[in-house]
Structure formats: C-alpha cells, structure tokens
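This is a predicted model, so every value here is computed, not measured. Below, chains carry the letters A, B, ... as their sequence lines are ordered, and counting in each starts from 1.
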2 protein chains.
Amino acid sequence: MTRRQYGQFCGLAMGLDVVGERWTLLIVRELMAGPKRYSDLLEALDGIGTSLLASRLRQLEDAEVVLKRRLPKPSASLVYQLTESGRELSRALLPLALWGVRHQTHAPKQPDDMFRAEWPLVFIAQLIDGDVTRDARYTYRFHIDGSSATIRLRDGEVSVTESDADDPDGDVDVDITMDAATIVDVSAGRLSLTEAVTDGRIVFDGNASAAALLVEALPERITIDSGLIDQT
Amino acid sequence: MTRRQYGQFCGLAMGLDVVGERWTLLIVRELMAGPKRYSDLLEALDGIGTSLLASRLRQLEDAEVVLKRRLPKPSASLVYQLTESGRELSRALLPLALWGVRHQTHAPKQPDDMFRAEWPLVFIAQLIDGDVTRDARYTYRFHIDGSSATIRLRDGEVSVTESDADDPDGDVDVDITMDAATIVDVSAGRLSLTEAVTDGRIVFDGNASAAALLVEALPERITIDSGLIDQT
DNA sequence: CGGAATCCTCTTCGATACTG
DNA sequence: CAGTATCGAAGAGGATTCCG
C-alpha cells in the first residue's frame, strides 16, 4: 500500500507528503506539550478514530518526526515524543498557527468547540525571549476556560505541559487566569499584553517579579511577523 | 454540504480547517508566482482533477485567501491571485517548505517527479534581503532542469514569475543555470551558495554586478532558521 | 478554447466493536 | 492500555460532457 504522494520535487510538496494528511499536524501539536500516550492523544483529538491515529503515528515514526519510547521504571508506559526533526517542524508551525488565529477566527468561540489551554501556549511559548529568561527558574500555571497548562522556565529552556487544575504541584510561582477569547485576541494581535492586563482580562496571582519577567520576555503585541523573528 | 472541520479553538486547527485539505497549499504555492488562470493551475498541479480544483478555488475565495479577477482589455481572461491574507499565508509557508526540503528529500530526484523552476524560487525569493536590493532594478532568469522562471527586483519588491525559456523578453540581466538537485541542496543548506558557484554547479551569465548583488542579498548558507529571520 | 459540472470508481476517513 | 478489524460515509482521481 503506497500512500498518496504529490510526486513533485518541491520542499512544500515533500513536506506535505509527510505531514499534510488530515490530523497529522494536530498530532505534532499535541506532542509539542511533551510526550504523550496513545490514549492521551486519542482523548485530546476528538473525532480522530483509533485506527487512523495508529496509522498516523506509524507514518510519523517512519518519517522520524516522532519516536515511541517506553518510560522508565515506575510507569513503564509507552509514550510518543517529537524527535529533533519533529521539534524543528514545530517551530515551522508557529507562523501558520499565527496566520490561522489571525485570519480565521469565525465566531469568538463556538459553544461546542474543543479547547485546551496547552494549544495556544505551545505556540506562545515559542515567542518567549530566551535572553530575558536565561537565568530564571519559574513555573507559571495558566487557567483558561476551565483548562490548565503549565509553562516552565529552566536553564534557558521553555517547556509546556498540560496539568490537572487540582494537581497539587507545589512549585507553581504564578497562577494566570483568562478566558479563551482573550488568549486568542492576544495571539491574533488584536489585543496587546498590557491592554489585556489593565483591562483585567488577564489576572496574575503569585510572585510579582516572576510575572513581570514573563511579560517582559513576550512581545508587547503579537504580529504576523512575530513568528518570523529569529529567537536565537 | 458541510466541510469537514476539526472543531477546535486553536490557531493551527483553524488554519488547517481552511488550507489543510489535499492540494490547497499547493494551489497557494502556484499563486505565489503571480496570478494564474484555471487551466494554468490544472496543468501545473498534475493529478488534481478538474472538479477538485474548482472546489478548492471556491473554498479559497470564500476564505478570502484568493480572489478571482478579470484581466484588463486585451486578454480579458479570468485569473486567480492571492489576497493580502494569502500573501501573509505564503510567508508562513516558507519555514514549512524549508523543513520539507531539509528532512524529506528521499532520492535526489525520482525520474517521474514533476519539477518547475518557480517552485523553489518562490521560497528562495523570500530570503532576499530587501535592504541590499532596495534600489536595484534587475531581472534574473533561472534555467533549472529544462524549466525556466524569472525573479525581478523592482523598487524594493521581489516578484517571481514562470517564463518560457525561449520567450524573447529582452530585459533579462543575468541568466542563471543549475540542475534541480543543486537548488534543493542549496535550499536544504547542504551546500552554501559560494560552494555551489565555485564547484560550477551554478553558472551565472550576464551582468556581473547584478549577479553579485543577488548573491550578496541571499544568505550565504540557508538554515532551518533562515525562514525565521525577520526580513523587515 | 477556457472554465467548469457530472458520473463513476477507488481510496480514505470516522465510528464502533473487538483483541492481546 | 494500546492498539487491530470492520464497514458505511465522505473525499479524491480520471474521463467525459457541457456551457459561453
């Protein structure tokens, strides 16, 4: 069984041969918030159908975008995670995600739309200026429309993970609360970060200097070019 | 008939709801080389099938990524072209295309792979540094594996168009010849521009200072981050 | 002739059921 | 928990036909 390919000698077409099918890039997005198990993916990607997920994961493994790994001792569960190539792909998705949120926000939020706090955060995390956060070791827990996710700054690295809202996890420095419409307005550049804060649409609670550092490390206003600015 | 949507309140998912279906992004890539007629698109996108092309164009019009326009007087033919939103999308595709060419070049080139000189050039043109070319008015004709395309620098703007190799078009300043493997190696960063020139894999013929300007305006070596560097 | 709509076949997707 | 098997529905590919 040979998958449908475009048969074009072109970077975009070759990329789409690998990650252009339905659901594939959303699986990659899920794994941008750390390694996940098969059933985590199945739960996050409502509607995917179990055999299609299995098939997509196999394709991504074959393309060396994703690898399957058995977690050490206590858990011993199988997880899927991004390879180096997968992480490079995830950086290439930021401009596309910013374009999508900027041009394609139909209604503010359909009542039956799915939403997870990690979805915007894996992209916004890419906008954090590493020079500003180089020596910081802070943990931010976001609460957005009933969903929670955590951004950690460690040794100049930024990581995003999902989190249960009532997970004790005592190392949280700042709790940040907003609704889904707000983070989309900010992501689309319709609302600047300070506007959102002064309007009370984003509420910080906890270590004030940690909160200030995060605001300083993010662009004041996200533009379509934010994803194009070199972050080295 | 309601199109298949992901139903997720996420920028990437919303973007893919519009441009994530088969062929859609390749239609956008075609229009990055200027307005084209229906039958031009049908010819360039081998295998698409006429009714699918019509349907995709209608979706892109509805999403205001593409618009249909009647050309003035003499030709009076219908052309499709990118809107401002479509041009922003095309900028967001550069990192994805660079990822694709870097990680997914299977064999050097399958003998039955389609190829057009404009395909790599619409992306490479985005890497041209506008500060360097601000006052230049040069025309470069590329000849790659039997296919030709033209890059024009005008008033700080860069445009790419397809061109018939034997089109007289007397305003060409430099002819640039290479094979498809070379431009892919350069795009993937496996070969630097000066290496390619000194190895004779890229041959310039014409106005030497125009040629030197183009080389100066391009990155010496294309990296996965080249698409992420702000070009303002 | 350019720009499609129709029809038919084949493939892919989505959902449910089932298995190691 | 991590998938495979199955099957009806939707989408894609190719040829032909239609319209202005």
Would you say [X] reaches [N]'s phosphate, i.e. side-chain N/O to OP1/OP2 under 4.0 Å?
{"X": "A:Trp23", "N": "C:dT12", "answer": "no"}
{"X": "A:Arg3", "N": "C:dT11", "answer": "no"}
{"X": "B:Arg58", "N": "C:dA5", "answer": "yes"}
{"X": "A:Arg22", "N": "D:dA10", "answer": "no"}

Over how many whole Å does the gap from [X] atom [atom1] to [N] atom [atom2] extend?
{"X": "B:Leu26", "N": "D:dG13", "atom1": "CG", "atom2": "P", "answer": "11 Å"}
{"X": "B:Glu21", "N": "D:dA10", "atom1": "CD", "atom2": "P", "answer": "15 Å"}
{"X": "B:Tyr80", "N": "C:dG2", "atom1": "OH", "atom2": "C1'", "answer": "10 Å"}
{"X": "A:Leu78", "N": "D:dA2", "atom1": "CG", "atom2": "P", "answer": "6 Å"}
{"X": "B:Arg56", "N": "D:dA12", "atom1": "CZ", "atom2": "C1'", "answer": "8 Å"}
{"X": "B:Gln5", "N": "C:dG14", "atom1": "CD", "atom2": "P", "answer": "12 Å"}
{"X": "A:Leu53", "N": "C:dC13", "atom1": "CG", "atom2": "P", "answer": "13 Å"}
{"X": "A:Tyr6", "N": "D:dA12", "atom1": "OH", "atom2": "C1'", "answer": "11 Å"}

Q) To the nearest 0.5 Å, what is the distance between CG (B:Asp225) and CD (A:Glu88)? A) 8.0 Å
Q. From B:Asp179 CG over to B:Ile144 CD1, what is the distance, rounded to the nearest 0.5 angstrom?
A. 9.0 Å
Q: Measure the acute angle between the ring planes of A:Phe115 and A:Trp119, then classify it against the limits of 30° and 60° as parallel, tilted or perpendicular.
A: perpendicular
Q: Look at the rings of B:Tyr6 and A:Trp23 and say which category their plane angle falls in: under 30° parallel, 30 to 60° tilted, over 60° perpendicular.
A: perpendicular
Q: Using a cut-off of strictly less than 4.0 Å between a heavy atom of the residue and any atom of DNA chain C, enumerate the qualifying residues of residues 33-52 of chain B by number.
A: B:Arg37, B:Tyr38, B:Ser39, B:Thr50, B:Ser51
**Q.** Charged N-O contact under 4.0 Å between B:Asp185 and B:Arg201
**A.** yes
Q: Evaluate whether atom CD of A:Glu64 has more than 12 neighbouring non-hydrogen atoms of other residues, nucleotides or ligands under 6.0 angstrom away.
A: no
Q.
Tell me whether B:Glu157 at atom CD has more than 12 heavy atoms from other residues, nucleotides or ligands lying less than 6.0 Å away.
A. no
